[in-house]
Amino acid sequence: MKASKFSGTALAVVALVLVAACLLPAGCGKKKWPSPRTEKDRFSWASVQASRDDSCLVIRGKLQGATRNLKGVNLLLETSQELCPGCPFSPNQRVVYSLRDPSLRREGARVTITHCPVEPDTALRLRLDGVNVFQQIPDAPSDVVGLKANRTNSTTF
């Protein structure tokens with residue numbers, strides 16, 4: 001019987017290296033859930049206007065960008081006796097509107113929210129935060145819009 005050129009340990013090492021070489025490429029690659037293409041999946045507010053209708057607010061906004069990704073809108077309200085355009089925005093009310101809410105109407109890139117009731121004798125400032133269907137993308141805030149007490153025109157700050 002002839003002796004083999006390789007010992008048992010050498011064959012075991014070669015086999016182990018071959019197995020590792022075969023398994024290594026299978027372990028490469030990304031191991032996380034697909035994420036949104038951030039810039040292509042974002043939207044923002046092109047404009048927001050507000051007016052009073054009796055004891056309700058009528059807020060009209062126009063979106064730009066990936067408007068199909070709008071999941072809902074958060075209305076942030078700050079009420080006071082007088083407007084303070086230079087003051088920091090400090091909302092004291094937050095109302096969440098889903099796309100199914102009867103107070104929110106959407107037509108393409110245009111969004112209209114009817115929010116009731118609102119005290120006619122108070123000034124208010126508001127901001128809309130658009131919620132994206134992708135949770136990884138932060139809410140899209142609008143500019144702050146102000147309404148004087150008993151007035152129907154809005155001012156953007």
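Taking CD1 from I59 and OG1 from T114, the interatomic distance works out to 8.0 Å, rounded to the nearest 0.5 Å.
The two atoms that bring A140 and S44 nearest to each other are CB-CA, 4.3 Å, heavy atoms only. Between Y97 and H115, the shortest heavy-atom contact is OH-ND1, 2.7 Å. Counting all heavy atoms, side chain and backbone alike, S103 lies closest to D101 at N-OD1, 2.8 Å. Here the closest heavy-atom approach between residue L63 and residue F43 is recorded as CD2-CD1, 3.7 Å. Q64 and A46 get closest at one heavy-atom pair: OE1-CB, 3.6 Å. Annotation for P91 and L76: closest pair CB-CB, 3.9 Å, computed over non-hydrogen atoms.
Linking ILVMFWY side-chain heavy atoms closer than 4.5 Å, directly or via other members, places V133 and V131 in two distinct hydrophobic clusters. I113 is connected to L77 through a chain of hydrophobic side-chain contacts under 4.5 Å among Ile, Leu, Val, Met, Phe, Trp and Tyr, so both are in one cluster. Linking Ile, Leu, Val, Met, Phe, Trp and Tyr whenever their side-chain heavy atoms come within less than 4.5 Å puts V95 and L104 in one cluster.
Using a cut-off of 4.0 Å between Lys/Arg side-chain N and Asp/Glu carboxylate O, D129 and R127 are scored as salt-bridged.
Side-chain atoms of R68 never come within 3.5 Å of backbone atoms of G108 as a donor-acceptor pair (strictly under, hydrogens ignored). D54 contributes no side-chain N or O that, together with a main-chain N or O of C56, makes up a donor-acceptor pair within less than 3.5 Å. Panel note: side chain W45, backbone K62; no donor-acceptor pair is recorded below 3.5 Å. For the pair R60 (side chain) and S51 (backbone), a donor-acceptor distance under 3.5 Å is absent.
Between N74 and L128 the shortest side-chain heavy-atom distance does not fall below 4.5 Å. Side chains of Q93 and T79 form a contact here, defined as non-hydrogen atoms less than 4.5 Å apart. Contact check for L75 versus L126: side-chain heavy atoms found under the 4.5 Å cut-off. Side chains of N69 and T67 form no contact here, defined as non-hydrogen atoms less than 4.5 Å apart. Within the 4.5 Å cutoff, the side chain of D139 has no heavy atoms near those of the N132 side chain. Between L99 and L70, some side-chain heavy-atom pair lies under the 4.5 Å cut-off. Looking only at side-chain heavy atoms (C-beta outward), E78 and L124 stay at 4.5 Å or farther from each other. Counting heavy atoms from C-beta outward, P138 and R42 have side chains that approach closer than 4.5 Å.
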